[in-house]
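Working notes, beginning with the structure itself.
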Amino acid sequence: LKNAGFTNIHIYDKKHEMLKLLDDIMKRMFAAELLQGLGKIDLHNSNSNIDLNKIKNIIKEVKHCVNSNTISYVLIVGDK
């Protein structure tokens, strides 16, 4: 960034925001499972074939990667 002319560069760790987003998605997945169980929505019709378990497993894997610092989420700000 300095080579691009930026100064006063600050990097803010936003890991907790990423974890909050993943938790929010998991809550919505739970709601979708409840609605599916009650017969209010059909996730396996001709227009869609949504595998909630697969999505939940992917979210768990991403959460593990964030917690183990394999991936992260940051905000970078600077002056130009």
Practice problem: Following the transitive rule for hydrophobic clusters with a side-chain heavy-atom cut-off under 4.5 Å over Ile, Leu, Val, Met, Phe, Trp and Tyr, establish whether Leu35 and Phe30 coincide in one cluster. | Solution: no
Quiz item: Is there a side-chain contact between Asp51 and Ile55, using heavy atoms and a 4.5 Å cut-off?
Solution: no
Practice problem: Please tell me if the side chains of Val66 and Tyr73 come closer than 4.5 Å, counting only heavy atoms from C-beta onward. | Solution: no
Practice problem: Compare every heavy atom of Asp13 with every heavy atom of Ser72, then report the nearest pair and how far apart it is. | Solution: OG-OD1, 3.8 Å
Quiz item: So which heavy atom on Leu19 is nearest to which on Lys63, and how close?
Solution: CD2-CG, 3.8 Å
Self-check item: Transitive ILVMFWY side-chain link Ile50 to Ile58, under 4.5 Å
Solution: yes
Self-check item: Enclosure of His44 NE2 (heavy-atom neighbours >12, cutoff 6.0 Å)
Solution: yes
Quiz item: Leu34 and Met29: same hydrophobic cluster, using ILVMFWY side-chain contacts below 4.5 Å?
Solution: no
Practice problem: Answer yes or no: is there a donor N or O on one side and an acceptor on the other, between the side chain of Lys80 and the main chain of Ala4, under 3.5 Å? | Solution: yes
Quiz item: Given Asp24 and Lys20, is the salt bridge (Lys or Arg N to Asp or Glu O under 4.0 Å) satisfied, shown in steps?
Solution: CA-CA 6 Å; Asp24 289 346; Lys20 183 182 178 310; 3.1 Å; yes
Exercise. Output the distance between atom CD (Glu33) and atom CG (Leu38), rounded to the nearest 0.5 Å.
Key: 12.0 Å
Quiz prompt | Hydrophobic cluster membership, Leu43 vs Ile25, 4.5 Å side-chain cutoff | solution = yes
Quiz item: Which atoms form the tightest heavy-atom contact between Lys15 and Asn67, and what is the distance?
Solution: NZ-O, 3.7 Å
Quiz item: Any idea which heavy atoms bring Ile76 and Ile11 closest together, and the distance?
Solution: CG1-CG1, 4.1 Å
Quiz item: About how many Å separate CG of Leu52 and NZ of Lys54, when rounded to the nearest 0.5 Å?
Solution: 12.5 Å
Exercise. Group every Ile, Leu, Val, Met, Phe, Trp and Tyr by side-chain heavy-atom contacts under 4.5 Å, then state whether Ile71 and Leu22 land in the same group.
Key: yes
